[in-house]
Visitor: 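Handing you this structure, nothing more for now.
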Amino acid sequence: QVQLVESGGGLVQTGGSLRLSCAASGRTFSSYAMGWFRQAPGKEREFVAAIDWSGTITNYPDSVKGRFTISRDNARNTVYLQMNSLKPEDTAVYYCAAARLQYGAPPAQQLYDYWGQGTQVTVSS
């Protein structure tokens, strides 16, 4: 069992930056690929970023590529999402997720086994 707790959300102006953190419980954190997803009001949850267990493979959709960076610190059981050049359309609840995978950083939500409660990110125009 893995428990995930997100933090770092908040209100920021267009063009600003935020860094989200996701702290994981358990001693097997380094065995999991980690992902960030988001859900805006009235929309389906969508993929934002993923990183493999070692931190060497990352994956982003075109909507955030070049603006968002995912990283992880396996010694601290923590994954991060650095978000720069934020836009109003980035406003959403952001969720951290963990997948029991030995390879890859998948975008598919169904591959993720554990989810956090989410943290709100609001970008004002």
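For this chain, numbers begin at 1 and follow the sequence in order.
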Visitor: Pairs in or reaching into residues 88-110: which pass ring-ring contact (aromatic ring centres under 6.0 Å, His included), with residues at least two apart or in two chains?
Guide: none
Visitor: Show the numbers, then the answer: is there a side-chain contact (heavy atoms from CB on, under 4.5 Å) between Leu20 and Val121?
Guide: CA-CA 9 Å; Leu20 305 183; Val121 171; 4.0 Å; yes
Visitor: Any chain of hydrophobic side-chain contacts (each under 4.5 Å) joining Val2 to Trp53?
Guide: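 As far as the 4.5 Å side-chain criterion goes, Trp53 and Val2 are not connected within one cluster.
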Visitor: Return each pair, listed once, that meets ring-ring contact (aromatic ring centres under 6.0 Å, His included) where at least one residue sits in residues 59-87; pairs must be two or more places apart or across chains.
Guide: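 Qualifying pairs, neighbours excluded: none.
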Visitor: For residues Pro106 and Leu111, report the shortest heavy-atom separation together with the two atoms involved.
Guide: CB-CD1, 3.6 Å
Visitor: Checking Arg67 side chain against Ser63 main chain: does a donor-acceptor pair fall under 3.5 Å?
Guide: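 Yes: the side chain of Arg67 pairs with the backbone of Ser63.
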Visitor: Treating Asn59 as the side-chain partner and Ala105 as the backbone partner, does any N or O pair qualify as donor plus acceptor under 3.5 Å?
Guide: yes
Visitor: Answer yes if Val64 and Val12 sit in the same cluster of Ile, Leu, Val, Met, Phe, Trp and Tyr residues linked by side chain heavy atoms under 4.5 Å apart, and no otherwise.
Guide: yes
Visitor: Are any of the side-chain heavy atoms of Val123 and Glu89 separated by less than 4.5 Å?
Guide: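 Of all side-chain heavy-atom pairs linking Glu89 with Val123, none is under 4.5 Å.
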Visitor: Check for me, please, whether Met34 and Val93 land in the same ILVMFWY cluster - side-chain distances under 4.5 Å, paths through other members count.
Guide: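 The answer is no; the residues belong to distinct hydrophobic clusters.
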Visitor: Heavy atoms only: give me the nearest Ser54-Thr56 pair and the separation to one decimal.
Guide: OG-OG1, 2.8 Å
Visitor: Taking the side chain as everything from C-beta on, heavy atoms only, tell me whether Ile51 gets closer than 4.5 Å to Val79.
Guide: yes
Visitor: Which side-chain hydrogen bond (donor to acceptor under 3.5 Å, both in side chains) pairs, counting each pair once, include a residue from residues 39-50, with sequence neighbours left out?
Guide: Arg38-Glu46, Arg45-Gln109
Visitor: With a 4.5 Å heavy-atom cut-off, do Leu101 and Asp52 have their side chains touching?
Guide: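 The answer is no, as the side chains (C-beta and beyond) never meet within the 4.5 Å cut-off.
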Visitor: For Thr28, what residues pass the side chain to side chain contact (heavy atoms under 4.5 Å, CB included) criterion, not counting sequence neighbours?
Guide: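 Partners of Thr28 by the side chain to side chain contact (heavy atoms under 4.5 Å, CB included) criterion, ordered by chain and then number, come out as Ser31, Tyr32.
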Visitor: Restricting to non-hydrogen atoms, name the atom on Ser21 and the atom on Trp36 that form the minimum distance, rounded to 0.1 Å.
Guide: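 Distance-wise, the nearest heavy atoms are O-CH2, 3.7 Å.
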Visitor: Could you give all pairs that pass the side-chain hydrogen bond (donor to acceptor under 3.5 Å, both in side chains) test and reach residues 5-19, with sequence neighbours left out?
Guide: Ser17-Asn84
Visitor: Which residues pass the ring pair (Phe, Tyr, Trp, His ring centres under 6.0 Å) test with Tyr112, sequence neighbours left out?
Guide: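 Tyr112 satisfies ring pair (Phe, Tyr, Trp, His ring centres under 6.0 Å) with Phe37 only.
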Visitor: In the hydrophobic clustering (ILVMFWY, side-chain contacts below 4.5 Å, transitive), which residues join Leu11, or is it alone?
Guide: none
Visitor: Test: salt bridge (charged side-chain N to carboxylate O under 4.0 Å, His left out). Region: residues 115-125. Which pairs qualify, not counting sequence neighbours?
Guide: none
Visitor: Write out all pairs satisfying side-chain hydrogen bond (donor to acceptor under 3.5 Å, both in side chains) with one or both partners inside residues 114-125, taking only residues at least two apart or from two chains.
Guide: Arg100-Tyr114, Gln120-Thr122
Visitor: Tell me, please, which residues at least two apart from Lys65 pass salt bridge (charged side-chain N to carboxylate O under 4.0 Å, His left out).
Guide: Asp62
Visitor: Please report the closest heavy-atom contact between Leu81 and Ala49, naming both atoms and the distance.
Guide: CD1-CB, 3.9 Å
Visitor: Any pair with a residue in residues 15-106 that passes disulfide bond (SG atoms under 2.5 Å apart), sequence neighbours left out, goes on the list, sorted by first then second residue, please.
Guide: Cys22-Cys96
Visitor: Could I get the full list of side chain to side chain contact (heavy atoms under 4.5 Å, CB included) partners for Ala75, not counting sequence neighbours?
Guide: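 By the side chain to side chain contact (heavy atoms under 4.5 Å, CB included) rule, Ala75 matches Asp73.
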Visitor: Roughly how far apart are Gln82 CD and Leu18 CG, rounded to 0.5 Å?
Guide: 8.5 Å
Visitor: Determine, using the 4.5 Å side-chain heavy-atom cutoff (strictly less than), whether Phe47 and Leu86 are members of one ILVMFWY cluster.
Guide: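 Different clusters.
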